[in-house]
**Q** 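Quick one: this structure, given as C-alpha cells, is what I'll be asking you about.
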There are 2 protein chains.
Amino acid sequence: MPREIDRRAARTRRALHQALLTLMLRKGYEALSVQDIIDEADVGRSTFYAHFTGKEDLLRSGFQLLREELKEAHSAVPATAAASHDHPLGFSMAMFEHAARYADHYRTMIGGRGGAVTENEIRLILAEMVRQELPPTLEGDTMPRDFVVQFIVGAFLTTLNWWFERKPGLLPSEVDAMFRGLVLDGLSPLIGDQRR
Amino acid sequence: MPREIDRRAARTRRALHQALLTLMLRKGYEALSVQDIIDEADVGRSTFYAHFTGKEDLLRSGFQLLREELKEAHSAVPATAAASHDHPLGFSMAMFEHAARYADHYRTMIGGRGGAVTENEIRLILAEMVRQELPPTLEGDTMPRDFVVQFIVGAFLTTLNWWFERKPGLLPSEVDAMFRGLVLDGLSPLIGDQRR
DNA sequence: CGCAATCCCGGACAGGGTGTCCATTATCAT
DNA sequence: ATGATAATGGACACCCTGTCCGGGATTGCG
C-alpha cells in the first residue's frame, strides 16, 4: 500500500507544480524566481531544494507529467473518428484533440506572457513526443522526418494561439478540423500521401 | 559629416555586439553575464549601461542590425534566379539564400548550446520579417497567413539545423534547393498555388 | 506508548549578478 | 583653451541562488 509518508511528499510536489502553473499564467516563466514559487506554494525554501534542483527542474518535471497524461489519454480514448490509431499522424491528431479539449490547461503554458523559455520548452517537448510516435516508415531520408515533426508542432502551436487570441468563440471541434486540414493539406505532398 | 565623437560611441557599440556574438558561439546566450560581455569587449561596466539597458537589449539591437543587413541584401542583389522579387515568397527565398551564404553567422545564433532564449528570439524576429514582407494578397482569413509565416520560419530553422548537424558537406546551393522545395511543396496547397 | 524514519521548516550563509550613481579622466570640436 | 561628449573605476543596495544545519512535526512499527 502507498505509505502515508510518501503521499505527503507527493502533495508537496503537486503544490509546487500547481504554484508554477498559477504563476506562469500570471507573470510568465522567465520573470519567476524560486522565491515566488515557494511563496505561492507555501512551502519552505529547503523543502523546495529537497525535491527539485531548481526552477527548470520543476518545469521539466511538470512537462513530464503532462506528457504521461497525454500518452495515457491517447491510448485510453483510442479511436476518435478522425484520429484513428493506424493513421500515420494519428497520435498528432489525438494530441491536438486533447489540447482542444483541455484548452485552459494549454493556454496557461502557451499564452502566458514572456514565455520565451516556456514556448521553446514546449516546442521541444512536443517535438519529442511527435517524433517518437511517428511511424518509422515515412521516408528514407532523415530530413523530411525532422521537417514533418517541425511542421506538426508549428501547426499545433499556431492553431492554438490563433484560436486563443483571434477566434475564442470557435468550438473545439471546429478548431480541431482546422488543424487537421492544415496538417493534411500541408503534409500530403511531403510524405507518401497515404490514405488522406 | 559624422562627428568623430559619434564614431567613438559607435565603435564601442560594435565592440559589444561583437563580444556578444563571440561569447554566444562559445557558451550560448543564457549562461552569459554582462560581466562576461564587458570583459570580452574590454569596456567598462558603466559604459555598457550607458548604451544598453541590459543583456537582452544588446541582443535585440544585434538582431536589428542583422535585420537591416538582410533587407538591404534583399533589395540590393535583387533578382536571383529563384528568389525573384515578384514571387510571393521571394523575400523568404532571398532570406534563406542569405543564410546559406553566411552560414557561420547564423550558426552562431542557432547552433550555440543553451539557445533556448536565443532560438525563440530568432523565431520571433524571423517571423516578424517574413510577415512584413509577405504580400498582403495571399488569402482572406488571417489564420492561413499566420500559419504560412510559421511554416516558413519552421522550414528555415529546420533546414539550417539539419544542414549544420547532419549534412555539413552539402553546398549552400543544394541546401537552398532543399529549402525551396520544402516551402513550395508544403505551401502550395495552402495558398493560391500561384505560378510555382 | 515510544522509538526511528521521514518530511518539513526557518534562518543563516557565501557567492554572484544587476542596475545605478558619482567623481574623475580621456578624447574630440571649434 | 574650453566646453561637450565618452569612457572609466569603484562603491552601493538589492535580489536570487544553493547549501547547510538544528529543530519540530508527522507517520510507521514494534
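Order of the sequence lines fixes the chain letters, A, B, ..., with proteins taken first and strands second; residue numbering starts at 1 for each chain.
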**Q** Just the rounded figure in Å: distance from P of dC7(C) to CZ of Arg14(A).
**A** 15 Å
**Q** Give me each pair satisfying salt bridge (charged side-chain N to carboxylate O under 4.0 Å, His left out) with a member in residues 45-65 of chain B, each pair once, sequence neighbours excluded.
**A** Arg60(B)-Glu121(B)
**Q** Using whole Å, report how far CG of Asp39(B) lies from P of dT8(D).
**A** 12 Å
**Q** What's the CD1-C1' distance between Ile38(A) and dG11(C), to the nearest Å?
**A** 12 Å
**Q** Report the distance from atom NZ of Lys55(B) to atom C1' of dG16(C), rounded to the nearest whole Å.
**A** 14 Å
**Q** Nearest-Å distance, CZ (Arg13(B)) to P (dT5(D))?
**A** 17 Å
**Q** Do Ser33(A) and Asp36(A) have side-chain N/O donor and acceptor atoms under 3.5 Å apart?
**A** yes
**Q** Choosing from dG17(C), dA26(C), dC7(C), which nucleotide comes nearest the side chain of Ser33(B)?
**A** dG17(C)
**Q** Just how far, in rounded Å, is C1' of dG18(D) from CD1 of Ile37(A)?
**A** 14 Å
**Q** Would Ser61(B) and His17(B) count as having a side-chain donor-acceptor pair, cut-off 3.5 Å?
**A** yes
**Q** Within residues 44-52 of chain B, find the residues that approach DNA chain C with a heavy atom at under 4.0 Å, and present them sorted by residue number.
**A** Arg45(B), Ser46(B), Tyr49(B)
**Q** Mind checking whether Phe96(B) and Phe179(B) have parallel, tilted or perpendicular rings, split at 30° and 60°?
**A** parallel
**Q** Using atom CZ of Arg7(A) as one end and atom C1' of dG28(D) as the other, report the distance to the nearest whole Å.
**A** 15 Å
**Q** So what does Asp36(A) hit on the nucleic acid, given a heavy-atom distance under 4.0 Å: a base, only sugar-phosphate, or nothing?
**A** nothing
**Q** What's the spacing between Gln150(A) CD and Arg123(A) CZ if we round to 0.5 Å?
**A** 6.5 Å
**Q** With the side chain counted from C-beta on, respond yes when Met24(A) and Leu59(A) share a heavy-atom pair under 4.5 Å apart, and no when they do not.
**A** yes
**Q** Using atom CD of Gln35(A) as one end and atom C1' of dC16(D) as the other, report the distance to the nearest whole Å.
**A** 8 Å
**Q** Name the residue closer to the 5' end of DNA chain C, choosing between Gly54(B) and Arg11(B) according to the nucleotide with the nearest heavy atom.
**A** Gly54(B)
**Q** For the CG atom of Leu157(A) and the CG atom of Leu126(A), what is their distance to the nearest 0.5 Å?
**A** 5.5 Å
